[in-house]
> 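Sending over a structure as structure tokens; questions will come in a sec.
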Amino acid sequence: MNGIAGHDQAEEADSKQDGSADAEDANEQEVIVIQDTGFTVKIQAPGTEPFDLQVSPQEMVQEIHQVLMDREDTCHRTCFSLQLDGNVLDNFAELKSIEGLQEGSLLKVVEEPYTVREARIHVRHIRDLLKSLDPSDAYNGVDCNSLSFLSVFTDGDLGDTGKRKKKGNELEQIDCTPPEHILPGSKEHPLVPLQPQNKDWKPMQCLKVLTMSGWNPPPGNRKMHGDLMYLYIVTVEDRHVSITASTRGFYLNQSTTYTFNPKPANPSFLSHSLVELLSQISAAFKKNFTALQKKRVQRHPFERIATPFQVYSWTAPQSDHAMDCVRAEDAYTSRLGYEEHIPGQTRDWNEELQTTRELSRKNLPERLLRERAIFKVHSDFAAAATRGAMAVIDGNVMAINPGEETRMQMFIWNNIFFSLGFDVRDHYRELGGDAAAHAAPTNDLNGVRAYSAVDVEGLYTLGTVVVDYRGYRVTAQSIIPGILEREQEQSVIYGSIDFGKTVVSHPKYLELLEKTSRPLKVQHHAVLNEKDTAVELCSSVECKGIIGNDGRHYILDLLRTFPPDLNFLPVEGEELAPESQKLGFPRQHRHRLACLRQELIEAFVEHRYLLFMKMAALQLMQQKANKDKTAALHDTSTADAESESKPQALEASEKVPDGMPTSPTSSESTLTPDDSEATSEKSAPENQEAPADLKSANTNGTHESSAAEKQNGGCDSLLKDPKSREVVLNACKAVGSISNTSFDIRFNPDIFSPGVHFPDDSTDDIQKQKQLLKDTAAFLVSCQIPSFVKDCLDHSSLPMDGATMTEALHQRGINVRYLGTVLEFVDNMPAKAQIEHIYRIGISELITRCAKHIFKTYLQGVELSALSAAVSHFLNCLLSSFPDAVAHLPADELVSRRKSRKRRNRVPGGGDNTTWASLTPSELWKNINSEAQSYYHFSLQCESVDQAVEKYGLQKITLLREISLKTGVQILIKEYNFDSRHKPAFTEEDILNIFPVVKHVNPKASDAFHFFQSGQAKVQQGFLKEGCELINEALNLFNNVYGAMHVEICACLRLLARLNYIMGDHPEALSNQQKAVLMSERVLGIEHPNTIQEYMHLALYCFANGHLSTALKLLYRARYLMLVVCGEDHPEMALLDSNIGLVLHGVMEYDLSLRFLENALAINSKYHGPRSLKVALSHHLVARVYESKAEFRSALQHEKEGYTIYKNQVGEAHEKTKESSEYLKYLTQQAVALQRTMNEIYKNGSNASIMPLKFTAPSMASVLEQLNIINGIIFIPLSQKDLENLKAEVQRRQLMQNSGKIEEQQAGQLELDDKLPVDD
């Protein structure tokens, strides 16, 4: 496949709709169009020298404004226009549409008169500049700011080019000793180093106070003099001044705090910019502001760009609360700060979300524009919804039904509709009441995600965000135009509002939903309405269709988009498959809304497809073999040996699948996932032999999105032949396909829904569907859970914390409610020791999730004034060893004696009760145990936190991190003494904040993703250069859609850096990886497992660039983070410690190096088994350090171990074994020489003639070579004799690179493998 043809089917389908046959070529062209060549313009601002600016023709004039507002010398200007030859440029015009604008044009910055809006924007911008280095927004989780600490460890070592600032031989100045708590085996895990002190954050105070004056707004007579607003300022020198913002600029007036005198002071210092004015009246302001801006522009842009979605920090230092007029103003308006840039003030979210979807998508530039718009609106909507949900729970929003009790209230704020996750009006009574009402919003969100991803034109979903905050679940939705004016009964024209008692349908909806039926595997089916007539549906009955006043077809309530999970849905009279029963399913669940994940449906269909192919292939081959036999009998002359042997081989292969039904009758019952599992392993070779025509007939199902016509009979060539038709029919029946002529599996989501009845004529079909659901449930436990565990066993999946474990389970389609089952499976494994880390992470996830469930209801009963006391009390009961944690009730003078009757239903958290205070540690742990039993069916048997820590090897700091992340609690960063038996670990002062936990849709950049995937594919085939180009292209497209910050851009940068490194461009690798680290810190969090990995990669590239001390600092940071996140006992720690040990060996810190390498050896032996090649490599690394220390006996011992492993695993002839044996000989010689010398000394005393012994520090090249090996970066030639050639090769390649041509052949020699090290 050439790179771009790697687009997946959706892409093809798109291009077919557009009728462009050669979509690929078009794509190539479009990409070129996007990167239109830039040009340079000169910019002349008042009071500065003209400077050059590189611009691109696609940019809008607006973007030049942004650049000027960010530049150090022009950042204080906001109210200006750009003029070309005296003509004002339109802000929203694209540069290419402006006449006369070309290379070298001079643009003048012209100050414009202020309006009230412009004056406010100016003040807001100046305030942002003053706060630009202040991390408080990141700690408070506002404005999409988040933390990053990389610069603390690199000390500005990685300049723009990655070249060092300080020269000189480094070895002398490195202090390599890590802090005590980072050394292997250290028992203490401090929390404070998580957020090291960043010296840039020491606030440089420019002003004491900048705030709106109490004299605002100007009275009428002053308005007519041009006064826009008044500011009150206190300078660092303690001068109090009152300032007027007028149309002409800012000047001092004569008002004081208590007397209003708007006349200009003398001198008035009239200036167009507030900064110019302040610089004239305060020397300290002038000095500090300049210094601050210098620092601001020196920071890496990635440290200050806003992230697309808010990231919250679970720890923060004690910080002072400073006066801030803009913050105060924002808090009391429903505006989100940027709305003043939009005409019409509040945003019509629904209109924005739907119009962006309607944008054209015929070619690449259009699709990019569309995806960018969709992404931007989604991230704005998520921010607005989160803010609104918090306002609702905090009681700042008036309900639209204020008369009802609090749990039933609904709210509208900023054109968003909010409802609480309680079962109001007994809507969910039969499905599990409040538990169902709590699960429904997330199910609904998954439905919205699925339908948005399918992206059918003309079908609309609502903007949906689910926010968990202070124990409440709030669903935020955009509002369908006109829905608030009508009763729901009249507006629903498709689906059911009472769970299937009354059902209606609509032809237009059927047509639209039919298009989603194949990608979502939803079967078109009929249900009976209250009059017992059949109604056609193509979704679950709860899915409602409403046509809005805007004429759009909306679908909502998508909570049953995916079929039910029968393992958690006991149905009377239904037997599950034996695999499920064996594990104790079906189990009672809290609610009846448990459904399967989309990933599971995909995996199951894929699995059945392989089965289908295999059965059909076997039967066709058998037929062919029979034909061959008869042919051979007729015409003996052609009966050569070959055709004889073939049929026998085929018959042999025919006998393999035992449980494989050939007759259609037995098919449903006998095919269980178990035998299919047994055979699916072998399916690959048979697949290749399948005749081509068979393939074309059956790849229909999941594997083709645009093949509607093939569904009805599809490929004639095969299906004309009655025998073949019978084969396909048998195979279809056996795998439960809904069509008899092609493979096509879909699910009916209404099966087992209470209250839904099906017409009699579909009984047969319904039986099939029930069987399919049982098979899928069995497939989950008998296939997916074992393969998840197998992934963990062979370390292709390496979860480090709860979140990464959940993600790994989800990728396999396993819901977290199966966590108990997974843990039991792991516990009963013979090789349990090798996945102990998984068991431990799983247990801590289980405990913290149970605690979260309890915490949720616990918080609902707490009134606002007692919130911090209640949270700290809960954490004490959960984590502190102090046996009788007592809660502090809020001080008496604040609790009013006369409890007024009126307070009953103010806010959801308005309960005046103090029952929370009576919680004790033993009671909480009893509840956690029973929660684990009832929800996860797992028996924990821990009566206290210390017992849990002891029994499962957990760490309290890890538990604290997990529970804080899950509940949104932010705690003070300090050392907590969890183990004291005399006082509790937490006080109420330690709880700083409680944040929302937000779930939302993540729109994707599809084109960029295709490029990224084709790039990866190229790289795996060994075409590094092409791969690199494709991935660079993907990076451009990602930036186009997501802006600069996004998780996917992070992955892109990491891969680019790795490619740069392999192709010998170390500085470039360093620069890309630095961006990846910063981005990971900002977007995922400073101690997210991905961030830890990024730190490790960066350390490797630093070492390769000769920044040894920085490399060590980064590795120590990664090790510290890993200790906090999952503790020392984790397979990934072995890799990290090998890295640290190697670098320390390189800088001749032998003893330290040994501590790390021996720890790595121990961990590798534990997790990979003592006979693994990884362990052999570990032995070799340890031996090298002993050799450097001249302790030859220990060196020999380790190398012998390694040699034995190599000999047993790969045989004597293997290069590795030979290398090891050479090294053994060398060590023996050295040892003998040393012994001789010692004997000489004993014999002759001090005047012995001593031969000089060679004790050499290892060369940096050899250390780097070992680093590459353990990090899985493979330059294929690796034996000792090839090393020299390799070095020569690298030098030659660098020369060639300078002349700009890397040849194909080299690219072919290098290969890249992200996970597996070379020696497995």
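Just so you know, these numbers use all the heavy atoms, side chains as well, and skip hydrogens, waters and symmetry mates. FYI, the numbering just counts along the sequence from 1.
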> So, taking the atom named CG in L1078 and the one named CG in L150, what distance separates them when rounded to the nearest 0.5 Å?
5.0 Å

> Please determine, by modelled atom types, if H300 and S151 share a side-chain donor-acceptor pair under 3.5 angstrom.
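Side chains of H300 and S151: no pair found under 3.5 Å.
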
> In Å, rounded to the nearest 0.5 Å, how long is the span from CZ of F149 to CD of Q195?
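Taking CZ in F149 and CD in Q195, the distance rounds to 4.5 Å.
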
> Run the salt bridge (charged side-chain N to carboxylate O under 4.0 Å, His left out) test against E371 and tell me which residues pass, sequence neighbours left out.
none

> In terms of side-chain heavy atoms, does E1132 have a donor or acceptor partner in Y1167 at a distance below 3.5 Å?
no

> For the aromatic rings, using the six-membered ring if either is Trp, is the centroid distance between H1046 and F375 under 6.0 Å?
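Ring-ring flag for H1046/F375: true, centres closer than 6.0 Å.
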
> Residues two or more places apart in sequence or in another chain: which of them pass salt bridge (charged side-chain N to carboxylate O under 4.0 Å, His left out) with E1048?
K1004

> Quick one about N1164 and S1178 (side-chain donor to acceptor, distance below 3.5 Å, no hydrogens or angles considered), yes or no?
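A donor-acceptor contact under 3.5 Å links the two side chains.
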
> Regarding Q955 and H189, is there a side-chain donor-to-acceptor distance under 3.5 Å anywhere?
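Yes, H189 and Q955 have a side-chain donor paired with an acceptor closer than 3.5 Å.
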
> Treating N145 as the side-chain partner and G141 as the backbone partner, does any N or O pair qualify as donor plus acceptor under 3.5 Å?
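No, because the side chain of N145 does not come within donor-acceptor range (under 3.5 Å) of the backbone of G141.
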
> Under 3.5 Å, side chain of Y139 to main-chain N/O of S313, donor-acceptor pair present?
no

> Which distance, rounded to the nearest 0.5 Å, do you find between the CZ of F153 and the CG of L1114?
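So the gap between those two atoms works out to 8.0 Å.
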
> Please identify each residue that fulfils salt bridge (charged side-chain N to carboxylate O under 4.0 Å, His left out) with R1119, with sequence neighbours left out.
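Expected list: E1128, D1137.
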
> For H810, which residues count as a ring-ring contact (aromatic ring centres under 6.0 Å, His included) partner, sequence neighbours excluded?
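Partners of H810 by the ring-ring contact (aromatic ring centres under 6.0 Å, His included) criterion come out as none, since no residue qualifies.
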
> Enter the distance from Y1120:OH to L1136:CG here, rounded to the nearest 0.5 Å.
14.5 Å

> Is R1082 salt-bridged to E303, going by a charged N under 4.0 Å from an acidic O?
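Salt bridge flag = no for E303 with R1082.
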
> Looking only at atom types and distance, does a side-chain atom of N1271 sit under 3.5 Å from a main-chain N or O of I1273, one as donor and one as acceptor?
no

> Between N1060 and Y1101, does any side-chain donor sit less than 3.5 Å from a side-chain acceptor?
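Short answer, no.
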
> Keeping E59 on the side-chain end and S56 on the backbone end, is there a donor-acceptor pair under 3.5 Å?
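It does hold such a pair.
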
> Any heavy-atom pair between the side chains of R296 and D70 that's under 4.5 Å?
yes

> Are more than 12 heavy atoms from other residues, nucleotides or ligands located less than 6.0 Å from atom CD of E180?
no

> Hey, are E962 and W314 close enough side-chain-wise for a donor-acceptor pair under 3.5 Å?
no

> For E72, enumerate each residue passing the salt bridge (charged side-chain N to carboxylate O under 4.0 Å, His left out) test, keeping only those at least two apart in sequence or located in another chain.
K294

> How many angstroms lie between atom CG of L1108 and atom CZ of F1103, to the nearest 0.5 angstrom?
5.5 Å

> Kindly write out the residues that satisfy ring-ring contact (aromatic ring centres under 6.0 Å, His included) with H1000, not counting sequence neighbours, or none if the list is empty.
F309

